[in-house]
Visitor: 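Pasting a structure here, questions to come.
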Amino acid sequence: AQRVTQPEKLLSVFKGAPVELKCNYSYSGSPELFWYVQYSRQRLQLLLRHISRESIKGFTADLNKGETSFHLKKPFAQEEDSAMYYCALTPGGKLIFGQGTELSVKP
Amino acid sequence: DGGITQSPKYLFRKEGQNVTLSCEQNLNHDAMYWYRQDPGQGLRLIYYSQIVNDFQKGDIAEGYSVSREKKESFPLTVTSAQKNPTAFYLCASTLLGGRSGAEAFFGQGTRLTVV
């Protein structure tokens, strides 16, 4: 079965602390993985994609095929990072999402 | 101004009635998707379409129907058979069905309430 799992519903950290949002996937093919973010009162938007191996707003994510994971990391969280984060997988033309993790960065 | 537009923003329906949610995109994207967003459950895929006149069921298609007569339009009908239709509905589109890292663009959503 194709599935994306984000085990944490809520992650609360203090400003300046490291952040790791977990994402595990289940897919027998070659995965294409993404992180999307939804800031308050804004549309869901792309944060980063594994194929680009990019760093956006200080966030990075590495695909680990052995552990079937695509965790999102940032070394120093900022208050403006507070948002809802979704991990996504595109198996064969579908686009499926995890349950989402709400990140709250406190001052 | 390119983008994806959902209408209406809020919709009220009486029990037993069908209702159609609109989704239009002018991005020339091939693939379009409908999701239902409930608290704590993330985005669950209802239907998706990779090409005109073709669509596939997602994980929670029961009680919903779609059509894809034009590339830019992918309306969703919530039928009276949907047992718990009150929810927030999101439409999205991508080039290439999301392959090769193609970014998905989202509408602002429609909040449907059954009264």
Side-chain angles (χ1 to χ4, degrees), chain A residues 1-11 21-27 29-54 56 61 63 70 72 83-103, chain B residues 1-7 9 23 25 27 29-52 54-61 66 68 74 88-111:
Chain A
Q2 303 147 356
R3 188 180 297 120
V4 177
T5 304
Q6 294 178 250
E8 303 135 330
K9 282 189 177 180
L10 173 65
L11 190 61
L21 286 76
K22 290 183 167 45
C23 171
N24 288 90
Y25 67 92
S26 172
Y27 179 51
S30 184
E32 293 205 40
L33 287 144
F34 305 78
W35 277 97
Y36 283 83
V37 60
Q38 190 168 29
Y39 300 105
S40 180
R41 287 185 290 277
Q42 292 187 29
R43 298 187 188 209
L44 201 60
Q45 58 188 281
L46 177 67
L47 179 62
L48 56 78
R49 66 199 103 189
H50 95 271
I51 199 170
S52 303
R53 302 179 67 85
E54 58 206 339
I56 304 293
L63 176 61
F70 189 57
L72 183 68
M84 196 75 185
Y85 291 79
Y86 292 94
C87 184
L89 171 70
T90 56
K94 291 172 78 171
L95 176 57
I96 59 174
F97 290 82
Q99 301 91 325
T101 297
E102 183 181 354
L103 175 63
Chain B
D1 196 18
I4 181 165
T5 303
Q6 289 184 243
S7 62
K9 193 172 181 181
C23 179
Q25 54 97 0
L27 301 165
H29 283 174
D30 306 295
M32 297 185 74
Y33 310 81
W34 274 106
Y35 297 91
R36 175 180 168 135
Q37 191 176 28
D38 296 288
Q41 298 198 55
L43 278 72
R44 291 184 291 165
L45 183 63
I46 304 173
Y47 268 98
Y48 65 105
S49 168
Q50 297 186 63
I51 195 170
V52 174
D54 189 36
F55 48 82
Q56 287 78 38
K57 292 182 179 180
D59 299 320
I60 56 165
V66 294
R68 187 87 187 276
F74 192 41
F88 188 68
Y89 292 88
L90 272 175
C91 181
S93 70
T94 69
L95 271 173
L96 306 172
R99 291 182 285 274
S100 302
E103 177 179 357
F105 289 82
F106 289 83
Q108 287 199 301
T110 293
R111 184 164 297 281

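The structure displayed is predicted, hence computed values, not measured ones. Each chain gets a letter, A, B and so on, in the order the sequences are listed, and its residues count up from 1.
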Visitor: I'd like to know if the side chain of Y35(B) reaches the main chain of F97(A), judged simply by a donor and an acceptor atom lying under 3.5 Å from each other, with no hydrogens or angles considered.
Guide: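 No; judged by distance alone, with no hydrogens or angles, the pair does not exist.
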Visitor: Do Q37(B) and Q38(A) come close enough that some side-chain heavy atom pair is under 4.5 Å?
Guide: yes
Visitor: Go through the atoms of L45(B) and report whether side chain, backbone, both or neither lie under 4.5 Å from a heavy atom of chain A.
Guide: side chain
Visitor: Could you look at Q108(B) and say if it's the side chain, the backbone, both or neither that has a heavy atom under 4.5 Å from chain A?
Guide: both
Visitor: Any heavy-atom pair between the side chains of T90(A) and T94(B) that's under 4.5 Å?
Guide: no
Visitor: Which answer fits F105(B), side chain, backbone, both or neither, if we ask what part of it has an atom under 4.5 Å from a heavy atom of chain A?
Guide: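 Contact with chain A: none, neither part.
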Visitor: Can you tell which part of Q56(B) gets under 4.5 Å to a heavy atom of chain A, answering side chain, backbone, both or neither?
Guide: neither
Visitor: Looking at I4(B) and R43(A), what are the two nearest heavy atoms and their distance?
Guide: O-NH1, 2.8 Å
Visitor: Heavy-atom distance under 4.5 Å between the side chains of K94(A) and D59(B), does that happen here?
Guide: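 SC-SC contact between K94(A) and D59(B) confirmed.
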